[in-house]
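Before any comments, here is the structure.
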Number of protein chains: 2
Amino acid sequence: MSSKTRFVLLGLLQEQPLTGYEMKQLIDIRFRFFWNESFGQIYPELKSMEEDGLVVATDLSGARKQKRYAITKSGSRELKLWLASPNEKESIRIELLLKVYFAKYGSKDILASQIKQFKEAHHIDYSILTAFQEELRSIPDPENNHQDILRVIEFGLKTNEAYLSWCDDTIAYLEGTR
Amino acid sequence: MSSKTRFVLLGLLQEQPLTGYEMKQLIDIRFRFFWNESFGQIYPELKSMEEDGLVVATDLSGARKQKRYAITKSGSRELKLWLASPNEKESIRIELLLKVYFAKYGSKDILASQIKQFKEAHHIDYSILTAFQEELRSIPDPENNHQDILRVIEFGLKTNEAYLSWCDDTIAYLEGTR
DNA sequence: CGGCGCATGTAACTTGTTACATGATTCC
DNA sequence: GGAATCATGTAACAAGTTACATGCGCCG
């Protein structure tokens, strides 16, 4: 289970030079439903990537000591290599499902409220995804550059729809057995 | 992000006494689509749980040096406490989606084959879930003990259906743009 | 008698989170 | 001038994986 932080950052930099802070923001917004990275990973990783010659940093003078990173030829090569390499099994951990599995040892009411919370969180995800989708669709895209990203959004929409519908069924079940 | 290993094990032990090895097997089979634990977590955790008085071990003499753990009153209390406590945000990491997002920098053909692999893996998950569902339904359940577990299976089925349908759409899209 | 599955355990390592420190800029 | 946000970084810690060591029992 090797770290993928490096490749996420390279992927973002392939589009345009960015600061570590900006990359974190992009990951939080665009990848929120299937990926995350913390500053504690990003900054040290950028340093090590620079040492490996995959990126070059420019110290923005004047501005608030920000470092803008750009990808190098070598970095692009690494990115392509990773894109063609096999994927690791996705890792998923949903505490709520453990609690549903063990539901008979706990309170149905509390569980129902936990599911409602889960539902709300994913309803927000769903809204964000819908907004992002509309935004992308509203921008003219003659070269079909947005299609790939729209596929990712579609994944998020479909899985979140599944989540929401499961929540409704399960809340109904829990409240029906009171 | 505190570890939940302890509670998973307590939950399993609430049903019946088990060895570490058996718990690992149950987690691998029953929780495979939303949770995992390794021996490297399980054995040290069981030791620490015994020290905390949440479980008691019985050394099965004669048999191949196995230790069977049983939950204590104190352990049951801990389990109930956790069941009523708030959940951590679920963690999900899907490398494939990063690659779809960055698809324009790589090969469409390779990506399509990666998605096919993903699809196959989840088709297997789907089959396992269906089999487990049928098994549970075939066992008479006068006290509705299986209902909670069936809800968990339902979650797996719904999300996997979403995955599979997304795979088909996305493969079609990739192969259409060749 | 050899290989596989059962069974437990540990040590080294990698990965990831959190908390903290520092300081600039912007906006009210 | 104070709060929020921008911005970078590190150190301590927690969590999780992997590889290894050990040995029994069963089946062919």
Ring geometry between F118(B) and W166(B) (parallel below 30°, tilted from 30 to 60°, perpendicular above 60°): perpendicular
Any donor-acceptor pair under 3.5 Å from K119(B) side chain to Q114(B) backbone: no
Touch class at under 4.0 angstrom, heavy-atom based, for N36(A) against every strand present: sugar-phosphate
Among dT17(C), dT18(D), dT8(C), the one nearest S38(A) by side-chain distance: dT17(C)
Inter-axis angle, terminal five-pair segments of the helix from dC1(C)-dG28(D) to dC28(C)-dG1(D) [nearest 10°]: 30°
Main-chain N/O of E135(B) paired to S138(B) side chain as donor or acceptor, under 3.5 Å: yes
Cationic N near anionic O, under 4.0 Å, R68(B) to E22(B): yes
Heavy-atom donor-acceptor pair, T72(A) side chain to G53(A) backbone, under 3.5 Å: yes
For atom NZ of K65(B) and atom C1' of dC6(C), their distance in whole Å: 11 Å
Spacing of I42(B) atom CD1 relative to dT18(D) atom P, expressed in whole Å: 14 Å
Short side-chain to backbone donor-acceptor contact, K99(A) and W82(B), under 3.5 Å: yes
Within residues 8-30 of chain A, residues whose heavy atoms come under 4.0 Å of DNA chain C: none
Considering all heavy atoms, the nearest Y126(B)-N160(B) contact: CD1-CB, 3.9 Å
Whether N87(A) side chain and E95(B) backbone form a donor-acceptor pair below 3.5 Å: no
Check ion pair E88(B)-R93(A) (N to O, under 4.0 angstrom): no
Between dA7(C) (C1') and K47(B) (NZ): distance, integer Å: 16 Å
Contact under 4.0 Å: T5(B) side-chain N or O vs dA15(D) OP1/OP2: no
Which nucleotide in dG9(D), dG16(D), dT15(C) has an atom nearest any side-chain atom of K67(A): dG9(D)
Proximity to the side chain of Y43(B) - top-ranked nucleotide from dA7(C), dA15(D), dT18(D): dA7(C)
Contacting residues from residues 79-100 of chain A, given that a heavy atom lies under 4.0 angstrom of DNA chain C: none
Rounded distance in Å - CZ (R68(A)) to C1' (dA7(D)): 11 Å
K104(B)/E15(A) ion pair, N-O < 4.0 Å: yes
Atom-pair distance (CD on Q66(B); C1' on dG25(D)), nearest Å: 11 Å
Centroid-centroid distance, F7(B) to F102(A), less than 6.0 Å: no
Distance, rounded to the nearest Å, where R6(A) contributes CZ and dT15(C) contributes P: 11 Å
Comparing P44(B) and M1(B) on DNA chain C - which has the more 5′ nearest nucleotide: P44(B)
Whole-Å distance separating the CD atom of E45(B) from the P atom of dA15(D): 9 Å
Atom-pair distance (CD on Q41(A); P on dT18(C)), nearest Å: 11 Å
Whether E134(A) side chain and A131(A) backbone form a donor-acceptor pair below 3.5 Å: no
